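Since the structure comes first, as structure tokens, the remarks are kept for the end.
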Amino acid sequence: MNEAKQNMKLGVNIDHIATIREARRTYEPDPVFAAYLAELAGADCITVHLREDRRHIRDRDVILLRQTVQTRLNLEMARAEDVIEVALKITPDHATLVPERREEVTTEGGLDVAGAGSELKDLVERLKEGGTSVSMFIDPDPRQIDASKQAAADAIEIHTGRYANAEGPAARQDALDEIRKSAAHARSLGLTVLAGHGLTYRNVRPIVEIPEIGELNIGHTIISRAAFVGIERAVREMKELLKR
Ligand code: PXP
């Protein structure tokens, strides 16, 4: 099958709906309603990050989303015992293993799968036993891709932060080449390839042109646009950009 002819799928990260709610520690806006509207507008997956400090998404959200999401639910999670407990209880469709530091504003780098040892593989296996497919959020680095395969991951999500933050065309092209090579390498190992972080309406197109990448997880830019035009239109506009 020609992968290039399939439209890129869109996972919509709704964490920042919860960020607005937590600004007042109230009940609105509710990420569960946001997920419903995003799905009606064409989201292929709903992504949330249950952080250790519960700064935006809360356990209640994940439990309700598991019951209401009609597409697929992707839970981003660090290797923290109480978060693992939630994941094993609700068995999301996908889990994306991410690094997490309390002081960071958002996930700053990829997970060091190569340096993690066998505990990571044990976690992957426990999640997979419950029917959850597991992805590793990693930098576009062949060592991390090989280690993800060895850790029995089903997929990798390539961290596109360096590309998104690149200053100038040469640096951007360099970052793009690295992503392209990594995507091809991961596919050759049989891994499903996703990408995300820092992607926007302005910078997403060159990533869409990489045929080995099947799905993107995008949050901040969609929720930002939703503040002005509503989440349904914001999702629809992004879906348009993901056409191949
Ligand atoms: N993928 C992962 C693993 C992430 O941690 C994030 C940020 O929560 C995203 C994708 C989405 O990034 P952004 O909000 O910059 O679109």
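We count ligands from 1, going down the list as the structure has it; atoms in each ligand are counted the same way. Bear in mind the structure is a predicted one, so any value in this text is a computation, not a measurement.
Electrostatic pairing of E178 and R162 counts as a salt bridge here, judged by a charged N lying under 4.0 Å from a carboxylate O.
The contact set between ligand 1 and N13, taken as ligand atoms under 4.0 Å from a residue heavy atom, comprises 8 (O). Contact atoms of ligand 1 toward V98: 3 (C) (distance under 4.0 Å to a heavy atom of the residue). Interface atoms of ligand 1 facing H220, defined by a heavy-atom separation under 4.0 Å, are 13 (P), 14 (O), 16 (O). Numbered from 1 in the order shown, with element, the atoms of ligand 1 that lie under 4.0 Å from a heavy atom of N217 read 10 (C), 11 (C). Listed by number with element, the atoms of ligand 1 under 4.0 Å from a non-hydrogen atom of I218 are 16 (O). Near H197, with a cut-off below 4.0 Å to any heavy atom, the atoms of ligand 1 are 6 (C), 7 (C), 10 (C), 12 (O), 15 (O).
For the pair N203/R172, a side-chain contact is recorded, criterion being any heavy-atom separation below 4.5 Å from C-beta on. When side chains are defined from C-beta on, V193 counts as touching I158, because their heavy atoms get closer than 4.5 Å.
What you find for I57 and V48 is that their closest heavy atoms are CD1-CG1, 3.7 Å.
An N or O contact shorter than 3.5 Å is missing between H16 and ligand 1 by distance. Close N/O approach between G219 and ligand 1 is found [any backbone or side-chain N/O within under 3.5 Å]. At under 3.5 Å, not a single nitrogen or oxygen of H49, backbone or side chain, sits near a nitrogen or oxygen of ligand 1.
Residue-level proximity to ligand 1 for H159 is absent, since no heavy atom of it falls below 4.0 angstrom.
Cation-pi geometry between R21 and Y27 is not satisfied (NZ or CZ under 6.0 Å from the ring centre, within 45° of the ring normal).
Under the 4.0 angstrom criterion for non-hydrogen atoms, T221 is not in contact with ligand 1.
Counting only N and O atoms by type, the side chains of D146 and H185 include a donor and acceptor under 3.5 Å apart.
Under a 3.5 Å cut-off, the side chain of D44 and the backbone N or O of K9 do not form any donor-acceptor pair.
Note: H159 and F137 have parallel aromatic rings, judged against thresholds of 30 and 60 degrees for the angle between ring planes.
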